[in-house]
Amino acid sequence: MLNEVILIDDDEVDNETHARVLKKSGVVKNVRVFQYAEQALEYLRENDDAKADLILLDINMPRMNGFEFLTAYASLGAMKSDRPVVIMLTTSSHPGDRALAENTPGLTDFLQKPLTPPVFASIVTENFGLKGKAPAA
């Protein structure tokens with residue numbers, strides 16, 4: 001069971017859809033949604049006991065993009081111990097974004113939106129050894 005999944009995306013519809021997939025999976029206790037990367041950083045900075053198992057992160061967001069979030073997050077020291085799995089979940093198909101993602105420390109994968117039940121089931125199986133159900137979103 002995943003204790004906490006953090007979802008960071010400026011698109012409210014995507015957040016609602018992805019949160020629903022996470023909750024219906026049967027393997028996530030808590031979903032924490034942030035519309036802006038700075039809000040997620042503030043939460044992680046102010047809550048020493050925040051232990052996310054998984055962070056799903058958009059690239060293109062106002063004020064701070066996904067790559068900038070990863071840089072700031074790494075400076076918190078949070079990526080050194082009890083490191084969560086971090087996956088970029090984006091609409092970007094730009095080869096430069098994929099190349100940058102492949103060379104970004106602390107980033108596990110680069111996936112295309114939307115997050116579907118079968119894709120999430122694959123994430124939890126590959127990264128956590130869990131079997132999530134894949135209900136319709």
Side-chain angles (χ1 to χ4, degrees):
M1 179 70 87
L2 302 182
N3 187 49
E4 182 170 79
V5 175
I6 293 178
L7 180 58
I8 307 169
D9 195 323
D10 62 309
D11 187 304
E12 289 183 50
V13 173
D14 283 345
N15 282 336
E16 289 173 16
T17 302
H18 297 160
R20 185 171 41 253
V21 168
L22 296 170
K23 290 173 185 173
K24 286 185 174 183
S25 71
V27 298
V28 178
K29 286 184 185 177
N30 187 36
V31 177
R32 216 170 272 283
V33 179
F34 298 96
Q35 194 168 7
Y36 298 105
E38 303 100 309
Q39 294 169 325
L41 278 173
E42 183 178 330
Y43 165 74
L44 292 164
R45 189 178 297 121
E46 292 178 359
N47 294 284
D48 293 334
D49 59 342
K51 301 268 190 228
D53 297 300
L54 174 65
I55 296 176
L56 298 173
L57 176 65
D58 190 19
I59 292 178
N60 298 310
M61 296 178 285
R63 305 192 317 222
M64 176 184 278
N65 70 35
F67 293 112
E68 293 166 333
F69 168 84
L70 288 170
T71 300
Y73 183 57
S75 73
L76 291 178
M79 296 184 95
K80 294 184 171 98
S81 63
D82 295 333
R83 189 181 97 156
V85 171
V86 181
I87 295 176
M88 286 266 181
L89 187 60
T90 182
T91 58
S92 176
S93 59
H94 191 278
D97 285 340
R98 180 170 290 282
L100 183 56
E102 290 172 356
N103 293 302
T104 299
L107 189 60
T108 303
D109 209 345
F110 183 95
L111 301 174
Q112 294 294 306
K113 287 182 187 177
L115 180 67
T116 62
V119 168
F120 185 64
S122 176
I123 289 169
V124 297
T125 300
E126 291 174 18
N127 293 285
F128 302 100
L130 300 173
K131 296 287 184 192
K133 54 186 176 183

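If you read the sequence from its start, that first residue is 1, and numbering goes on from there. Side chains are part of it too, since the values below use all heavy atoms of this structure and drop only hydrogens, waters and symmetry mates.
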If every non-hydrogen atom of [X] is compared with every non-hydrogen atom of [Y], which pair is closest and at what distance?
X: Ala52; Y: Pro84; value: O-CB, 3.1 Å
X: Ala37; Y: Met61; value: CB-CE, 4.0 Å
X: Met88; Y: Ile59; value: SD-CG1, 3.1 Å

(message) Measuring only between side-chain heavy atoms, which start at C-beta, is Leu115 closer than 4.5 Å to Ile123?
(response) yes
(message) Quick check: do Phe120 and Val28 have side-chain heavy atoms less than 4.5 Å from each other?
(response) yes
(request) Please test Val21 against Val119 for side-chain contact (heavy atoms from CB on, under 4.5 Å), starting from the C-alpha separation and ending with a verdict. (result) CA-CA 10 Å; Val21 168; Val119 168; over 6 Å; no
(request) Any side chain to side chain donor-acceptor pair (under 3.5 Å) involving residues 94-105? Give me the pairs, sequence neighbours left out, ordered by first then second residue. (result) Ser92-Asp97
(request) Using the salt bridge (charged side-chain N to carboxylate O under 4.0 Å, His left out) rule, collect all pairs that involve residues 26-35, keeping only residues at least two apart or in two chains. (result) Glu4-Arg32
(request) Provide the full list of salt bridge (charged side-chain N to carboxylate O under 4.0 Å, His left out) pairs with a residue in residues 60-76, sequence neighbours left out, each pair given once. (result) Glu38-Arg63
When rounded to the nearest 0.5 angstrom, what distance separates [atom1] in [X] from [atom2] in [Y]?
X: Asn30; Y: Ile6; atom1: CG; atom2: CD1; result: 9.0 Å
X: Glu16; Y: Leu7; atom1: CD; atom2: CG; result: 11.0 Å
X: Leu54; Y: Thr108; atom1: CG; atom2: OG1; result: 8.5 Å
X: Leu57; Y: Phe69; atom1: CG; atom2: CZ; result: 6.0 Å
X: Asp53; Y: Leu130; atom1: CG; atom2: CG; result: 9.0 Å
X: Leu76; Y: Leu41; atom1: CG; atom2: CG; result: 6.0 Å

(request) Considering only NZ, NE, NH1 and NH2 on the basic side and carboxylate oxygens on the acidic side, decide whether Lys113 and Asp9 come within less than 4.0 Å. (result) yes
(request) Determine, step by step, whether Leu89 and Asp14 satisfy the side-chain contact (heavy atoms from CB on, under 4.5 Å) criterion, reporting the C-alpha distance in whole Å, the side-chain angles of both residues, the deciding distance to 0.1 Å, and the verdict. (result) CA-CA 10 Å; Leu89 187 60; Asp14 283 345; over 6 Å; no
(message) Using the side chain to side chain contact (heavy atoms under 4.5 Å, CB included) criterion, which residues pair with Pro62? Sequence neighbours excluded.
(response) Asp10, Tyr36
(request) For residues 3-23, pull every pair meeting ring pair (Phe, Tyr, Trp, His ring centres under 6.0 Å), keeping only residues two or more places apart or in separate chains. (result) none
Taking side-chain hydrogen bond (donor to acceptor under 3.5 Å, both in side chains) as the test, write out the residues that go with [X], two or more places apart.
X: Lys23; result: none
X: Ser122; result: Glu126
X: Asp58; result: none

(message) Assess the residue pair Leu22 and Leu56 against the criterion (side-chain contact (heavy atoms from CB on, under 4.5 Å)); give the C-alpha distance rounded to whole Å, side-chain angles, the decisive distance to 0.1 Å, and a yes or no.
(response) CA-CA 11 Å; Leu22 296 170; Leu56 298 173; 4.2 Å; yes
(message) Please enumerate all residues that pass ring pair (Phe, Tyr, Trp, His ring centres under 6.0 Å) together with Tyr43, with sequence neighbours excluded.
(response) Phe34
